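Here the structure is laid out as structure tokens; the discussion comes afterwards.
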Amino acid sequence: MRSIRAAATGAVTLSLVLAASACGGGSSTGGGSNDSPKTLTYWASNQGASIEIDKKVLQPELDKFEKQTGIEVKLEVVPWSDLLNRILTATTSGQGPDVLNIGNTWSASLQATGALLPWDAQNFSKIGGRDRFVDSALGSTGVPGQDPAAVPLYSMAYALYYNKQIFADAGIAGPPATWAELVADGKKIQAKGKQVLGAEGANVSENIHHVFVFAKQHGADFFTADGKPDFTDPKVVDAVKQYVDLMAKDKAIPAGNAEYAQNQSVSDFAKGKTAMLLWQSAAANLKSQGMSEDAYGIAPVPVQSGTPGAGTQVNSMVAGINLAVFKNTDNLDGATKFVKFMTSDEEQKILNKAYSSIPPVKTAQADAAFTAPANAVLKDTLARSAAALPQVPDESQFETAVGTAVKELFADAAAGRAVTTESVKAKLEKAQQQMPAK
């Protein structure tokens, strides 16, 4: 999911596994209809640097769709801080959009509500077939073995962005390939009076994305093979501690970043305050803040040793946005046409260029516009060294519980309180107790 937002928090304390009545544009049958064939409502997630920028990107495309089909699309760009709350309310109230963006990590949780249209073979055939999409993107569309709850719209991966001038001033020849190298480089950068690595310590979802990667690098998962929480596995504890220690022990992440949750770390990097940034597809965001593409380099996220790959060499979660249809929409045919339009080769090129993301549609991804060096790192990461967050019904509660635990650990580090193996384990044990009982 796109990390250009504050974390969605409160709503995930609601149970996502209730037998929710599916909702949509107005039908109460739960099966969808075509009672309102001339209009659609669309909730788009805030992908750009502001909601106004998103409207400027999307509205011309929606106007194009209306000209082609005669269907008016009523757009609302929803901030990430509100989106999950809004979706969950819609699943229980019966008042929601016809089509909406969802963070791909929420797919399995929202699938469990029963509110979203399943993308079976018949529905996929209406938009050109399942085979049009890359496998890594399809891996974050719902519970394995079930028909997806959504289709991929934008694909993203984490990369390490580094300021070339700060590196040169510190006598650093190139970006770090391992965490040990990053910490060592950080000392040289600090000697020149610059901050080392930006982070969003109070952003619950950002925290999850990073500790998930650290856990993979330690050979651990947050869930057992049968889907039960396993947050206190010693390898998980070590992974979370290593991430928080970038502030608590190594002083690479500034203490003030413990309070960041609104992309302040991106702004710090764009302004030349910070030497490095871990972010998803950041080019468009940095450009909007006046940072020239020539001023920074892009490299794979560090690993423990060696080079990025599978298993313990994973260095990103599979990030992205999926497009979903509420099952009881009152314009089922129109909603399907809209999904086909948004995932067409032409629109995939237009939209993913605008957001500096990668098309999850194979033919669009092959376009020359996505072969620049920056995109090459992201594409290679998605193809070789990214892993999907756990596609389990309780994934959203997992994000909130563990992400909040990491937020609290960062707060401890910023306040000078010791972050020990025992304190990390205690926070994770508390997080596990907050998960729904089985």
Side-chain angles (χ1 to χ4, degrees), residues 2 4 24-26 32 34-79 83 96-102 104 116-117 119 123-130 132-134 137 150-156 281 283-285 287-288 320-326 329-370 372 375:
R2 185 76 163 185
I4 196 161
N34 288 300
D35 295 342
S36 299
K38 294 298 182 182
T39 61
L40 287 171
T41 55
Y42 174 40
W43 286 357
S45 50
N46 177 200
Q47 297 302 119
S50 70
I51 287 175
E52 289 307 313
I53 287 176
D54 282 320
K55 290 179 180 178
K56 289 179 181 179
V57 169
L58 293 171
Q59 194 58 55
E61 307 315 307
L62 305 187
D63 292 342
K64 188 188 304 182
F65 176 75
E66 182 177 7
K67 186 175 181 180
Q68 292 177 7
T69 64
I71 300 171
E72 179 188 5
V73 181
K74 299 177 180 178
L75 171 68
E76 182 178 356
V77 181
V78 184
L83 185 58
D98 299 289
V99 185
L100 74 159
N101 290 6
I102 63 174
N104 65 353
L116 302 182
L117 179 75
W119 286 89
N123 284 329
F124 262 120
S125 70
K126 296 176 183 177
I127 63 170
R130 182 186 179 118
R132 295 183 64 239
F133 300 91
V134 299
V151 298
L153 181 62
Y154 312 129
S155 287
M156 289 160 279
S281 307
N285 194 341
K287 182 178 180 180
S288 73
I321 305 301
N322 293 340
L323 197 59
V325 174
F326 268 110
T329 170
D330 54 13
N331 190 357
L332 185 58
D333 289 347
T336 305
K337 289 178 182 177
F338 184 65
V339 173
K340 182 177 181 180
F341 172 81
M342 293 289 279
T343 58
S344 67
D345 284 4
E346 179 183 0
E347 290 305 310
Q348 281 286 288
K349 294 173 188 177
I350 291 170
L351 295 171
N352 283 281
K353 284 179 191 175
Y355 293 129
S356 68
S357 48
I358 303 297
V361 172
K362 295 174 184 175
T363 47
Q365 188 177 114
D367 188 86
F370 302 100
N375 286 326

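Just so you know, these numbers use all the heavy atoms, side chains as well, and skip hydrogens, waters and symmetry mates. Model, not experiment: these values are computed from the prediction.
Residues Phe124 and Val151 form a side-chain contact, since some pair of their non-hydrogen atoms from C-beta on lies under 4.5 Å apart. Counting only heavy atoms from C-beta outward, the side chains of Met156 and Ile321 approach each other to under 4.5 Å. Contact check for Tyr355 versus Asn352: no side-chain heavy atoms found under the 4.5 Å cut-off. The shortest side-chain heavy-atom distance between Leu351 and Leu58 falls under the 4.5 Å cut-off. Inter-residue side-chain proximity for Leu323 and Trp119 is flagged as unmet; no heavy-atom pair is nearer than 4.5 Å.
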Might you work through the side-chain contact (heavy atoms from CB on, under 4.5 Å) test for Phe326 and Leu117, ending with a clear yes or no?
CA-CA 6 Å; Phe326 268 110; Leu117 179 75; over 6 Å; no
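The CG atom of Asp63 sits 11.5 Å away from atom CD of Gln68, with the distance rounded to the nearest 0.5 Å. Taking NZ of Lys74 as the start and CG of Leu62 as the end, the distance is 13.5 Å to the nearest 0.5 Å. One distance of note links CG of Leu332 with CG of Asp35; it measures 11.0 Å at 0.5 Å rounding. The CG atom of Leu83 sits 6.5 Å away from atom OG of Ser45, with the distance rounded to the nearest 0.5 Å.
Applying the side-chain hydrogen bond (donor to acceptor under 3.5 Å, both in side chains) rule to pairs touching residues 331-345 yields Asn34-Asp333, Arg132-Asp345, Asp345-Thr363, sequence neighbours excluded.
Under the 3.5 Å distance criterion, the side-chain polar atoms of Gln348 are matched with a main-chain donor or acceptor of Leu153. A donor-acceptor pair under 3.5 Å is absent between the side-chain atoms of Thr329 and the main chain of Asp98, judged by distance alone. Formation of a donor-acceptor pair under 3.5 Å by the Glu76 side chain with backbone atoms of Tyr42 is not found in this model. With hydrogens and angles ignored, the 3.5 Å screen pairs no side-chain donor or acceptor of Ser357 with any backbone N or O of Ser155.
In this structure, a donor-acceptor pair under 3.5 Å is present between the side chains of Asp54 and Asn46.
The shortest non-hydrogen separation linking Ala44 to Asn101 is CA-ND2, 3.8 Å. Listed here is the closest heavy atom pair of Ile51 and Pro79: CD1-CG, 3.7 Å. Across all their heavy atoms, Val57 and Ala354 have their closest contact at CG1-CB, 3.8 Å. Closest approach of Asn322 to Ala150, counting heavy atoms only: CB-CB, 3.6 Å. The two residues Ser356 and Asn375 come nearest to each other via the heavy atoms O-OD1, 4.4 Å. Nearest heavy-atom pair, Thr41 versus Pro97, reported as atom, atom and distance to 0.1 Å: OG1-CA, 3.0 Å.
Taking the six-membered ring for Trp and thresholds of 30 and 60 degrees, Phe65 and Phe341 have ring planes inclined between 30 and 60 degrees apart.
Within a 6.0 Å sphere centred on NZ of Lys126, heavy atoms belonging to other residues, nucleotides or ligands number more than 12. Summarising the local packing, NZ of Lys64 is surrounded by more than 12 heavy atoms from other residues, nucleotides or ligands at distances under 6.0 Å.
Every residue two or more places apart in sequence or in another chain was checked for a salt bridge (charged side-chain N to carboxylate O under 4.0 Å, His left out) with Glu66, and none qualifies.
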